[in-house]
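Working notes, beginning with the structure itself.
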2 protein chains.
Amino acid sequence: MATIKDIAREAQVSISTVSFAINGTGPVAPETKKRIMEVIERLNYHPSSAARGLVTRMTNNICLYVPHPKSNIFTFHGNNLINDMLQGIGESIDEKDYNLLLAWEQPGSETDAKIMSLVNKKAIDGILFFNPTHNFKPIYELIKQKFPFVFMGRFFDNEPIDIVDIDNFDAGYRNTVHLIKLGHKNIGFISPGPLNYLVAGDRFEGYQEALRDHNIRYNEHYFYLGDNREASGYSALETFLKLKEPPTAVVAGRDIQAVGMLQYAQENGILVPEDIAIVSFENSQLAELHDITSIRTDLYRIGREAAKLLLQAIGRRKERQTQNIIIPSDIVIRRSCGSVLNPE
Amino acid sequence: MATIKDIAREAQVSISTVSFAINGTGPVAPETKKRIMEVIERLNYHPSSAARGLVTRMTNNICLYVPHPKSNIFTFHGNNLINDMLQGIGESIDEKDYNLLLAWEQPGSETDAKIMSLVNKKAIDGILFFNPTHNFKPIYELIKQKFPFVFMGRFFDNEPIDIVDIDNFDAGYRNTVHLIKLGHKNIGFISPGPLNYLVAGDRFEGYQEALRDHNIRYNEHYFYLGDNREASGYSALETFLKLKEPPTAVVAGRDIQAVGMLQYAQENGILVPEDIAIVSFENSQLAELHDITSIRTDLYRIGREAAKLLLQAIGRRKERQTQNIIIPSDIVIRRSCGSVLNPE
DNA sequence: CTGAAAGCGCTAACAC
DNA sequence: GTGTTAGCGCTTTCAG
């Protein structure tokens with residue numbers, strides 16, 4: 001393997017000149033540079049990232065820190081959306097020639113062992129957090145160390161940190177308003193998961209706010225705590241329809257729940273959207289497959305913006321204003337909500 | 001940040017002793033070691049991976065090299081399965097304290113620019129290839145350089161390389177035999193994609209071989225070239241049923257195609273499995289949702305074995321026998337095939 | 001514009 | 001068992 005020394009010798013210059021030529025960090029005469037570049041090409045030379053990293057203290061690696069793959073949360077946004085996010089991240093990091101390291105904690109190990117190890121041993125320059133839960137210890141340590149990171153998804157503490165997120169509150173609000181505009185007053189809500197997950201909590205609050213804004217009283221019997229299984233949508237609808245005054249529309253917390261509702265409806269001769277209108281979140285393949293109106297999350301843009309922001313933060317290590325970027329999402333109207341109207 | 005020098009000074013030993021103590025690469029007196037470890041703990045010292053990498057020529061990073069996220073191929077095996085694979089990889093690399101770098105080529109860039117750059121600049125110690133297409137240039141360069149890598153999925157050349165794969169031929173064979181055993185003789189086959197993708201080609205060959213083994217003549221009208229969209233299953237069934245002698249069973253190339261078939265069947269009053277039996281591949285969420293018999297691919301084991309193999313290869317850089325590990329897959333019987341019999 | 005030289009933090013001979 | 005020392009391949013003052 002050729003080293004910078006070989007290049008210097010072959011090009012008849014010193015190694016510092018070679019370094020200047022490669023990095024543009026010092027003046028080099030055009031012909032000298034040309035000669036150097038030729039030798040580099042000829043010897044197929046590539047600077048060693050370890051050697052470079054040792055002196056620059058940069059690795060050109062960022063870490064995408066995700067929940068454990070086995071976790072349901074990992075597929076929270078529907079699967080193909082993760083691909084979208086990766087694509088967005090990829091585009092941003094490619095521009096600056098950064099690499100992407102993927103990491104998560106093994107269940108049973110310390111909750112932040114992996115990520116702090118990566119930070120401590122200086123294997124990464126920054127972190128992209130993609131973790132819908134907010135209970136997050138390492139954050140504070142990282143803030144203290146001034147280690148660059150960006151949060152994808154809301155983080156409810158008021159620490160000044162970089163965040164890129166969709167507005168789940170807004171999504172819940174718009175889904176609900178959409179139903180209200182269609183004339184519904186009795187509107188059920190299935191939470192996508194425990195309300196202490198911000199995604200779920202925010203959507204629920206958006207739902208409530210929409211009701212308030214339209215002078216509809218929130219009925220606690222119209223709330224059903226769901227999870228990531230079809231069955232939770234199924235039993236939600238079952239439960240709702242047993243009420244004396246059942247809802248005429250439901251905001252499903254996620255597409256798979258909407259599918260469960262569809263299942264129950266079909267088995268029991270209930271018509272969608274005639275008897276019960278449904279809107280959902282995620283706009284996954286399932287929504288498309290079953291003609292379910294659903295909120296589309298632009299994870300591509302989230303990924304791209306978050307990575308861009310992180311690279312900026314890495315670039316200027318000085319104090320800088322933290323940013324809070326909200327990526328808008330839109331509602332994809334399909335059959336299940338009983339309208340082809342556009343919302344608002 | 002504490003360095004090895006600080007530790008040496010505080011522990012009143014030389015830096016080599018510290019190094020020996022940390023890595024176990026030299027004899028250190030128990031009390032000395034204890035003292036050193038205490039200082040390390042106290043100063044929260046972590047060896048710099050760049051410095052270490054510079055001398056050991058190891059990065060402790062491996063690269064999972066995948067198709068572009070936008071590519072359909074990326075979701076070929078169904079999405080949650082990718083998670084399974086990641087989990088498997090994660091378990092293996094955690095044991096040896098390795099990190100996972102995720103990389104793919106941006107469309108439009110050179111087909112192997114990213115991966116060869118990673119190799120050249122010595123940012124990784126080995127590569128896990130996950131790429132269903134076989135048209136793969138960098139392989140030969142890597143072989144020449146003796147750079148460690150493992151292929152997940154078949155590679156049809158006869159180069160001696162490490163491979164971990166499921167037996168798609170076997171899967172196609174077993175799906176077909178399952179239908180034959182149920183009494184079917186006219187069996188359609190929808191390819192999951194172009195036949196030059198080995199996944200598709202192998203499944204198709206398994207299908208053909210099963211027919212041959214049971215003295216059933218292959219009928220080319222029973223072949224339909226599908227893709228990754230529901231519509232291809234839909235039109236496949238439509239096409240098949242228009243034949244003078246339509247098939248009574250179909251091997252769908254992937255779950256989404258089976259769903260498309262179900263859709264067509266439902267719209268046209270065709271009963272599944274009574275009128276047409278269906279088996280498929282992937283065993284994705286869709287298969288579960290729609291009660292489709294499907295072949296389960298154990299991507300968890302593929303990931304785990306592949307990463308393990310790669311780490312072995314990285315460990316002993318000497319000549320070693322390449323391995324060819326086949327991970328068995330099994331068939332998950334559901335309603336769509338018209339049996340609860342176990343195959344074979 | 002170019003070169004000499006001092007490290008970056010660590011490992012691994014080699015000497016004692 | 002422990003210390004000394006020579007690098008690993010590169011960046012970056014600082015002179016000239």
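A note on names: the letters A, B, ... follow the listed sequences, proteins ahead of strands, and every chain is numbered from 1.
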Task: Residues A:Ser16 and A:Ser19: side-chain donor-acceptor under 3.5 angstrom - done: no
Open item on the list: Under a 3.5 Å distance rule, please check whether A:Thr297 uses its side chain to pair with a backbone N or O of A:Leu299 as donor and acceptor.
Closed with: no
TODO: Find which nucleotide of DNA chain D each of B:Val55 and B:Lys33 is nearest to by heavy atoms, and output the residue with the more 5' nucleotide.
DONE: B:Lys33
- [ ] Look up atom CD1 in B:Ile139 and atom CD1 in B:Ile161, then write down how far apart they are to the nearest 0.5 Å.
- [x] 5.5 Å
Task: A:Gln87: partners by side chain to side chain contact (heavy atoms under 4.5 Å, CB included), with sequence neighbours left out - done: A:Glu91, A:Tyr300, B:His68, B:Pro69, B:Lys70
- [ ] Only counting residues at least two apart or in another chain, list the ones meeting side chain to side chain contact (heavy atoms under 4.5 Å, CB included) with B:Arg42.
- [x] B:Glu10, B:Val39
TODO: May I ask you to decide if B:Arg52's main-chain N or O and B:Thr56's side chain share a donor-acceptor pair within less than 3.5 Å?
DONE: yes
Open item on the list: B:Lys122: which residues meet the side chain to side chain contact (heavy atoms under 4.5 Å, CB included) condition with it, sequence neighbours left out?
Closed with: A:Met1
Task: side chain to side chain contact (heavy atoms under 4.5 Å, CB included) evaluation trace for B:Ile314 with B:Ile62 - done: CA-CA 10 Å; B:Ile314 291 172; B:Ile62 61 168; 3.8 Å; yes
Open item on the list: Among residues at least two apart in sequence or on other chains, which ones pass ring pair (Phe, Tyr, Trp, His ring centres under 6.0 Å) with A:Phe129?
Closed with: A:Tyr65, A:Phe136, A:Phe149, A:Phe151
- [ ] Taking only heavy atoms on the protein side, list every residue of residues 6-19 of chain B lying under 4.0 Å from any atom of DNA chain C, sorted numerically.
- [x] B:Ile15, B:Ser16, B:Ser19
- [ ] Hey, could you give me each pair passing salt bridge (charged side-chain N to carboxylate O under 4.0 Å, His left out) that has a residue in residues 300-314 of chain B? Not counting sequence neighbours.
- [x] none
- [ ] Mind checking the SG-CG spacing from B:Cys63 to B:Leu310? Nearest 0.5 Å is all I need.
- [x] 10.0 Å
Task: Under 3.5 Å donor-acceptor, A:Asp125 side chain and A:Asn60 backbone - done: yes
Task: Euclidean distance, B:His46 NE2 relative to A:Met116 CE, rounded to 0.5 Å - done: 8.0 Å
Open item on the list: What range of DNA chain D does chain B touch, first nucleotide to last, counting atoms under 4.0 Å from its heavy atoms?
Closed with: D:dG1 to D:dG9
Open item on the list: Among residues 114-124 of chain B, which ones have heavy-atom contacts with DNA chain D below 4.0 Å?
Closed with: none
Task: Side-chain donor or acceptor of B:Gln323 paired with backbone N/O of B:Val164 under 3.5 Å - done: no
- [ ] For B:Lys114 and B:Trp104, indicate whether the former's side chain and the latter's backbone hold a donor-acceptor pair under 3.5 Å.
- [x] yes
Task: B:Lys34 bridged to B:Glu38 by N-O distance under 4.0 Å - done: yes
- [ ] Five pairs at each end of the helix from C:dC1-D:dG16 to C:dC16-D:dG1: take the axis at both ends and give me the angle between them to 10°.
- [x] 40°
Open item on the list: Using a 4.0 Å cut-off to any heavy atom of chain A, which nucleotides of DNA chain C are the first and last in contact, reading 5' to 3'?
Closed with: C:dC1 to C:dG9
Task: Positions of residues 35-47 of chain B (non-hydrogen atom under 4.0 Å from DNA chain D), listed by number - done: none
Task: Residues in side chain to side chain contact (heavy atoms under 4.5 Å, CB included) contact with A:Ser117, at least two apart in sequence or another chain - done: A:Lys121
